[in-house]
Each structure stands twice: as structure tokens, then as C-alpha cells.
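A short write-up of the structure that comes next.
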Amino acid sequence: MPPQDLFAGASAPFGAGAAPAADPPSPLLQHLNPEQLAAVTLPAGHALILAGAGSGKTRVLTTRIAWLLQTGQASPGGILAVTFTNKAAKEMVARLSAMLPINVRGMWIGTFHGLCNRLLRAHHKLVGLPSTFQILDTQDQLSAVKRLCKQHGVDEERFPPKQLTWFIAGCKEEGMRPQDVPVRDPETQKKVEVYQLYEQQCQREGVVDFAELMLRSYELLRDNDAVRAHYQRRFSHILVDEFQDTNRLQYAWLKQLAGDVEEGGRLAPRGSVIAVGDDDQSIYAFRGARVGNMQDFMREFGVQRTIKLEENYRSFSNILDCANALISHNQGRLGKNLRTQQGPGEPVRVQESPTDLAEAQWMVEEIKHLVREDVPRREIAVLYRSNAQSRVIESQLFNAGVPYRVYGGLRFFERAEIKHALAYLRLLENPHDDTSFLRVVNFPPRGIGARTLEQLQDAARGAGCSLHDAVSTMTGRAGANLSAFVALIDVLREGTQGQNLRGIIGQMLQASGLVEHYRNDKEGADRLENLDELVNAAESFVTQEGFGRDAVALPLDEQGAPLTQSPASQGLDPNLPLAAPGEMIDQDTGETLSPLAAFLTHAALEAGDNQAQAGQDAVQLMTVHASKGLEFDCVFIGGLEEGLFPHENAMSDAAGLEEERRLMYVAITRARKRLYISHSQTRLLHGQTRYNVRSRFFDELPEEALKWLTPRNAGFGLFAPDPIAAHRGNARAGRGFDMKSASFANPPVPPRKAAPGHGLRVGLTVFHTKFGEGKVLAIEGAGDDARAQIHFPRHGTKWLALGVAKLTVVE
DNA sequence: TAGTACTCGATTTTT
DNA sequence: TCGAGTACTA
């Protein structure tokens with residue numbers, strides 16, 4: 001794409017070391033605030049940038065890179081910028097190429113996993129992988145573990161495959177191979193055995209899972225001095241986005257790349273690592289993120305400079321006041337206070353509803369109101385803690401005819417038909433990929449049953465070979481069917497030699513019988529469409545990613561050794577253009593990946609968008625987690641109830657509670673202009689009505705920034721209802737989206753059914769003969785089955801059967 | 001081998 | 001409640 005000339009005059013030849021210093025001020029640096037400017041122009045050396053929400057973090061990151069290049073402090077090849085998501089990486093590349101007339105392809109900008117993939121492709125021999133190794137996604141990994149359990153008679157009751165995959169991923173993220181795992185009990189012993197078997201299986205099949213990408217490339221750097229030295233020398237500037245989300249392994253990986261290099265017999269500090277992050281937005285502890293990496297980074301890298309970006313360009317101050325006040329309740333923060341030059345704006349609106357249904361109705365009414373005031377629907381977001389909450393809201397939006405889009409769910413490359421197609425393609429590349437083999441050997445059905453496959457797997461295990469190779473040992477009808485399948489794959493492989501990607505996929509779709517199968521399926525129309533879309537995706541992968549363009553086969557060492565001490569003489573000069581993302585080059589042979597292999601890698605590393613209708617102007621529904629990094633004019637946060645937000649599973653310890661608070665902090669800071677926070681007295685969850693107390697987070701917000709739309713703590717009889725909200729018996733109901741009317745006019749504390757006869761209410765203080773005084777947190781069930789969750793200061797929180805427990809109401 | 005009945009689980013998720 | 005995944009039957 002032609003670079004946009006946003007910074008006319010800024011363009012000198014880059015990388016040649018001739019660009020003047022930033023004095024006269026470069027246009028790049030205009031419009032930066034002092035903090036941002038300081039961050040962008042940091043002198044070489046390690047630094048931490050604490051970037052608050054909406055403080056222009058991405059801008060700082062990209063401008064920093066542009067500035068480094070423009071002033072000749074770095075060449076494109078010397079830059080390594082790493083992110084967590086493909087989206088973030090893409091945005092960085094897009095902004096950079098808009099800033100500078102430069103080929104950004106020479107830079108290593110990508111996700112941790114994407115960059116690891118590059119490293120492993122380049123040095124696959126050193127790490128013992130075939131050049132065509134493929135990547136298992138989470139689904140593949142699970143089915144691989146299941147298969148392994150079946151084969152080795154692992155008791156799936158005691159060791160659920162899902163847990164085993166967590167265990168394996170957890171070990172890898174801690175940098176542990178099976179032999180490194182401390183075994184204290186037989187349980188762990190067994191898990192480690194499975195881990196070991198799983199590793200062997202992956203190795204045999206030539207596949208790696210996500211965690212393996214990280215671990216294997218970490219080991220590559222750790223164990224190969226020449227390789228490590230090369231990359232350390234090459235990447236003079238390392239920039240890490242969302243540093244608070246890094247796990248142990250990612251941090252160790254960074255250390256390998258940034259580590260000090262011996263020069264003239266002494267350790268010399270090298271290059272610079274800029275870590276950008278926000279400890280207050282760390283919400284991924286559950287998947288291994290370690291905020292502590294920020295402190296470790298400062299200590300271990302001897303960070304001299306920490307810059308805080310606290311000026312927020314997103315929200316009005318009422319919203320920021322809420323965010324600041326809330327997060328101040330967390331301990332051990334690095335400390336940061338968002339400020340804005342915008343005025344207070346509107347107060348943050350707070351709503352209490354009797355039921356989740358009423359909450360959803362209220363939201364929809366407000367949304368319709370906003371839309372009438374010309375707020376684009378895509379600028380309205382409804383955030384919630386857990387996915388289950390979206391249902392009521394969806395049904396109400398549907399009834400009201402308001403277009404909406406739900407984030408999450410199946411992504412394009414995760415769809416069953418796409419996975420099937422990819423499995424065929426993978427078998428073309430690597431017939432020993434047993435996971436793919438099993439996926440499609442009998443899909444579409446070709447008379448190969450479970451029994452047959454069991455026999456085949458036994459045979460393969462006995463011979464220590466892949467399923468593909470074991471087919472020849474099978475006899476009879478089953479053997480014939482299997483042979484036919486193998487022949488199909490082999491013929492397809494032959495027949496697609498020399499074809500382009502589009503041709504290969506098209507031929508595969510026909511020959512495999514997938515098209516035929518879905519054409520005969522009355523539900524198959526969508527799936528056929530998706531398969532068509534797969535061809536398009538491949539096409540645009542080839543053109544947009546520029547696959548096959550400027551692929552540079554690098555000169556080699558005479559021995560074919562991967563790297564030497566002298567990068568420049570080996571064609572590894574950082575100024576040379578390097579392979580584009582799809583063109584990972586084998587450092588031994590100079591070979592690039594085949595288009596098909598590259599596309600398969602792309603599919604595994606980037607699962608694609610979820611769902612279609614992305615273009616429509618629709619209200620955005622998503623979990624708080626999914627909202628990170630986004631912003632909207634108007635934001636609704638629903639379900640602020642104890643047990644839901646903060647979630648009950650996270651309430652038991654301080655760390656969990658603090659993460660919930662950070663989650664709320666993230667949610668609040670998504671809003672630019674208007675923020676609504678709401679909770680409901682009751683909520684239908686898993687078919688049961690739960691009675692919840694208002695979230696403690698309400699008490700942590702500054703009263704003066706809030707506007708209570710419903711009287712605080714009021715009984716609902718007092719509440720003058722919005723007549724529209726109360727009486728919308730929607731004519732378009734039906735299709736299961738009925739309004740089970742929960743009118744505001746009635747005192748609906750127990751909204752459905754009669755009041756339970758125990759006389760308890762959430763919030764009441766009760767007395768128990770054994771536990772003493774306690775506060776009612778929640779009530780569930782009715783009649784004899786009614787239970788109450790009660791917090792006793794001295795005995796903790798307990799669930800008591802109201803039919804049994806002797807309780808008296810104190811207040 | 002496909003279709004149906006039953007069990008189980010149920011925050012958050014990118015790569 | 002509801003959905004996915006598994007086990008059982010025709």
C-alpha cells in the first residue's frame with residue numbers, strides 16, 4: 001500500500017544512518033504531550049512505560065519506532081515489536097506504514113506466537129522439527145490428548161482430557177518439560193506421563209501446539225549460542241505491548257532476546273527493551289499472565305526510566321473519576337491516576353432493576369433513546385461479566401428490532417467444515433498428521449467405522465508409525481476402504497503439484513467429497529458458502545500478504561550452518577529485507593514455505609473473525625474481557641452483583657477480587673461520553689432464580705460522579721416506572737422471545753412465584769444459634785428447598801437450608 | 001451408522 | 001435452562 005503522506009517532509013532516506021537528529025522538531029513528534037514525547041524519544045536503554053487506558057499507547061509505540069528509524073538510530077531490521085493479538089500487530093503495521101514511506105516488511109512486528117513460528121521455521125532443524133510442521137489449535141490439542149488417553153488406557157474420569165491439556169499448557173508456560181515437573185503425588189505422576197506421551201505423539205506427527213511454539217523457540221535461543229547472539233545483535237530495539245499480560249515463558253523468551261552479550265570479554269548492556277503496559281488492566285491471570293513481570297522487569301533489567309502516560313484522551317472526567325476511585329482500592333499497584341482536559345461530562349448513570357429481564361428491557365429502551373439522538377449503534381456497547389448474560393439482552397434487542405452483534409463464539413477457521421477442509425490440506429502437506437487423518441478419514445462417510453480405526457491405531461502404535469503408514473497392514477473390507485482413502489489423498493497430492501493455492505483448494509473440495517456432502521445436506525448451504533469463503537481467504541492471503549513477492553533467499557554459510565558470528569557476511573545483515581510473515585525462510589536451505597503450508601500456518605495462528613454481519617451498524621455485545629482495547633461513545637455494564645461481578649469464583653481470595661476490580665476498571669474506561677452501570681435484584685441463572693446483593697464496586701465509586709436513575713435501596717413499590725419500559729407487550733414476540741412480563745408496578749422482589757415463606761431478604765441481618773450474627777447474601781430456591789447464603793463474620797460464608805437452620809431476623 | 005435419549009457442567013480467552 | 005458430548009438403539 002502506498003504510504004499516506006501524513007508527515008510530508010519527514011521522509012529522508014532511512015536506515016542509512018544519515019538522518020538528522022530531532023532538532024528541528026520532526027513532524028512526527030508534533031501533537032504529542034510531554035509524557036508521550038518523553039516516551040517516544042527515550043534514549044537507548046531499557047524502560048517501562050505505564051500507559052493508562054486511552055492514553056495513546058499505540059500511538060506512542062508506533063511513533064517511537066518511526067522516530068528511531070527516521071533519526072537513523074535503528075534500521076527496520078533492528079526492530080522487534082511484539083503484541084498479543086494479531087489485531088494489535090496489524091494496527092501497528094498499518095499506522096507505521098501511514099507514518100513512514102518504508103517497507104515495514106523488514107521489521108519483526110507480530111504476536112509472540114507469530115514471531116516464535118518465524119523463529120522455528122527458520123531454524124527447524126536445530127529444534128528438531130520438520131520444515132512443514134503444523135500448528136495445533138486448542139481443539140486439535142484436545143482431540144490429540146483424547147486420542148492418546150484412549151490408546152494408553154488413561155482413566156478419563158479421573159483425568160479429564162481437558163484438564164490434562166491445561167496441565168500440559170501450564171507446564172509449558174512455566175518452561176517445564178516432563179522431566180522438569182516436580183512430582184509429589186501419584187496424580188501428578190500420571191499427568192506427567194501423559195505429558196510425556198503427548199510430546200512424543202506431537203513429535204512423531206510433526207505438530208506443535210501454541211505453548212510449544214513459545215517453549216521450543218525459547219529453548220532454541222537458550223541452547224544455541226550462535227543463534228541467540230545473532231538475534232540479540234540484530235534486534236537493537238525491542239518493544240513489548242501489553243506487558244502486564246506476559247506469562248513466565250514469554251518473559252524468559254524476551255530475556256533471551258535482550259540478554260547482555262559478551263563483547264571483548266565483558267558483559268555489555270545491549271539494545272533497549274521498552275515494555276509498555278498497565279498493571280491496572282491485567283485481567284488474564286487465569287491464563288498465566290503475571291503482572292509481577294513488570295516489577296521483575298524493572299529489577300532484572302535495571303530499568304532507570306519509568307514513564308507514566310496518565311493523560312486520557314477518551315473519556316470525560318466523571319467516568320475517569322469512577323475508574324480512578326475504583327482501582328484505588330487495589331493494593332500494590334505501580335500507581336497511576338488518569339486525568340483529562342475534557343470537562344466532567346454527564347454523570348455516570350446507575351440503574352437498579354428487579355429482574356434481569358427488566359434490566360435488559362431498560363437497556364433496550366435507553367439504547368433506542370440513544371439511537372433516536374443519532375448515536376450510531378456501533379458506538380453503543382453492552383458489556384457483561386459472563387457470556388450467559390447476553391441471552392436476555394439479545395432477546396430484548398431482537399424483540400425491539402434493534403440490530404446487534406455479539407462478539408465471541410466460533411471464529412471462521414474454527415468452524416467444523418473449515419476444519420475439515422484444512423485437515424485435508426494438512427494431509428497433503430504432511431500425511432503423518434494423525435489428528436487431521438482421524439478428522440476426515442470418515443468424513444464424508446466412507447464406511448470406515450470406529451472399530452476399524454481402533455484396529456488401525458493399534459497397528460500404528462505397534463509399528464511405531466503414523467496411521468497413514470499403518471493402512472497397508474490392514475486387510476479385508478476395512479483395509480480396502482482405508483486404502484481408498486489414502487489413495488485419494490496421495491492422488492490429490494500428485495494432482496495438485498504445481499498448482500496455485502486456489503487450484504489446490506478447489507480440487508481438494510471436490511475430490512474429498514466435501515462439496516458433494518454439503519450439497520446433499522439440507523442444512524449445508526451455509527457451510528458451502530463458508531467453504532467458498534475459504535477459497536477467497538486463501539486468495540487474499542496470497543495477494544494481500546504478498547506471498548511469493550519479494551521473497552529473498554538468503555545467502556548461506558558454506559557448511560549450511562545456520563548462523564555465524566558475522567551476520568553481515570552471511571546475508572543476515574539487518575538492513576536486508578527479510579521475509580514477510582508468510583515467507584519464513586529456512587536458514588539452512590534458503591527455502592521458503594510452500595504457499596499451502598504458509599496458508600495453513602496462517603489459519604492456525606489467526607483464527608479469523610467471528611461471524612459475518614460485521615459491516616452492519618449494530619449495537620455491540622461482548623464480555624468485559626473482549627472489550628479490552630476498544631472504546632465506545634456509550635457503554636452499558638450490566639449485572640453488577642456480588643457473585644457475578646465480582647464473580648463468586650474469584651471472591652475467595654484478595655488476588656481474585658483485585659482482578660475482578662481491574663476488570664471493572666477496564667469496563668469503565670471503555671466509555672467516552674456516557675456510562676451506564678446496572679444491577680438486578682434477581683437473575684435467572686442455570687434455570688434458577690438467584691437473589692443477589694448489589695456489587696461492592698458501587699460503594700467504591702465517588703457518589704458525586706453518579707446519578708441514580710432508581711432510588712437507592714428503594715423498595716420497588718416506590719419506584720415510579722417508566723411506562724414505556726413497563727408495558728411493552730411487543731407485537732413481534734414469538735420465536736421463543738416472549739416477554740415474561742415483569743412489571744415494575746408490582747413489588748417484585750420475588751418476581752416469579754409466591755414469596756418464600758421464610759421471611760428472609762437479601763441484605764437482612766440474621767442470628768444463628770451456632771454461628772452468631774450474619775448477613776444474608778443470597779437466597780435460592782423456594783419452600784422447603786430454599787437456601788440462603790449467609791456471611792458470618794466469625795465463621796465465613798455458608799449456605800444454609802432454611803427449612804433446617806434456626807435463624808431469626810435481627811434487623 | 002444415524003438418530004435419539006441422557007448426563008453433565010456452567011467465568012473470563014488469545015494464540 | 002440449555003448445550004454439548006456421549007451412550008444406546010433400530
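Everything numeric in this text was worked out from a predicted model, so none of it was measured. Because only heavy atoms are used, hydrogens play no part in the values below, and waters and symmetry mates are left out as well, while side chains stay in. Residue numbers begin at 1 in each chain, while the letters A, B, ... track the order of the sequences.
Regarding E173(A), its CD atom lies at a distance of 12 Å from the C1' atom of dT13(B), rounded to whole Å. To the nearest angstrom, C1' of dT1(B) lies 13 Å from CG of L453(A). Protein atom CG of L119(A) is 16 Å distant from nucleotide atom C1' of dT15(B), rounded to whole Å. In this entry the distance linking CH2 of W166(A) with P of dT13(B) reads 14 Å, nearest Å. Rounded to whole Å, atom P of dT13(B) lies 12 Å from atom CD of E414(A). With rounding to whole Å, Q139(A) atom CD is found 16 Å from dT13(B) atom P. Atom P of nucleotide dT15(B) and atom NE2 of H113(A) are separated by 9 Å, given to the nearest angstrom. One can place CD of Q389(A) at 17 Å from P of dA10(B), the figure rounded to the nearest angstrom.
Residue R446(A) is the one, among E659(A) and R446(A), whose nearest nucleotide of DNA chain B lies closer to the 5' end (criterion: closest heavy atom). In terms of position along DNA chain B, the nucleotide closest to G447(A) lies nearer the 5' end than the nucleotide closest to the other residue of the pair L605(A) and G447(A).
When heavy atoms are screened at a 4.0 angstrom cut-off, E212(A) is found touching no nucleic acid atom at all. Among the heavy atoms of the strands lying under 4.0 Å from Y284(A) are primed sugar atoms or P, OP1, OP2 only; no base atom is included. The residue D245(A) sits apart from the nucleic acid: no heavy atom pair falls under 4.0 Å. Heavy atoms of A650(A) sit under 4.0 angstrom from at least one base atom. Counting any heavy atom pair closer than 4.0 Å across all strands shown, F84(A) reaches sugar-phosphate atoms only and no base atom.
In the set dT11(B), dT15(B), dT6(C), the nucleotide with an atom closest to the side chain of T85(A) is dT15(B). Here dT15(B) is the nucleotide among dT14(B), dT15(B), dA10(B) with the atom lying nearest to any side-chain atom of T138(A). Comparing dT15(B), dT6(C), dT12(B) by their nearest atom to the side chain of K146(A) picks out dT6(C). When distances run from any side-chain atom of R287(A) to the nucleotides dT12(B), dT14(B), dT11(B), the shortest one goes to dT14(B). If you check dT11(B), dT14(B), dT12(B) against the side chain of R411(A), the one that comes closest is dT14(B).
Using a 4.0 Å cut-off between charged side-chain N and carboxylate O, K419(A) and D137(A) make a salt bridge. With respect to the salt-bridge test (charged N to carboxylate O, under 4.0 angstrom), the residues E700(A) and R661(A) qualify. Ion pairing of R248(A) with E173(A) is absent here, as no side-chain N (NZ or NE/NH1/NH2) approaches a carboxylate O to less than 4.0 Å. Checked for salt-bridge contact, R147(A) and E205(A) meet the test: a charged N lies under 4.0 Å from a carboxylate O. Here E454(A) does not pair with R451(A) in a salt bridge; the nearest charged N to carboxylate O distance is not below 4.0 Å.
Judged by centroid separation below 5.5 Å and plane tilt below 30°, H647(A) stacks onto the base of dT11(B). Stacking annotation: F210(A) is not stacked on the base of dT14(B) (requires ring centroids less than 5.5 angstrom apart and an interplanar angle below 30 degrees).
When the C1' atom is compared between dG5(C) and dT12(B), the two are found 23 Å apart, to the nearest whole Å.
For dT13(B), one of the phosphate oxygens OP1 or OP2 lies less than 4.0 angstrom from a side-chain nitrogen or oxygen of T623(A). At the phosphate of dT13(B), OP1 or OP2 sits under 4.0 Å from a side-chain N or O atom of N387(A). Listed pair N247(A) / dT14(B) fails the phosphate criterion, with no side-chain N or O lying under 4.0 Å from OP1 or OP2. Side-chain nitrogen and oxygen atoms of K162(A) include none within less than 4.0 Å of the OP1 or OP2 phosphate oxygen of dG5(C). Side-chain nitrogen and oxygen atoms of R451(A) include none within less than 4.0 Å of the OP1 or OP2 phosphate oxygen of dT1(B). For R391(A) and dA10(B), the shortest distance from a side-chain N or O to OP1 or OP2 is not below 4.0 Å.
Counted by atom type alone, R290(A) and N293(A) present one or more donor-acceptor pairs between their side chains at under 3.5 Å. Of the N and O atoms on the side chains of Y198(A) and D209(A), at least one donor lies less than 3.5 Å from an acceptor on the other residue.
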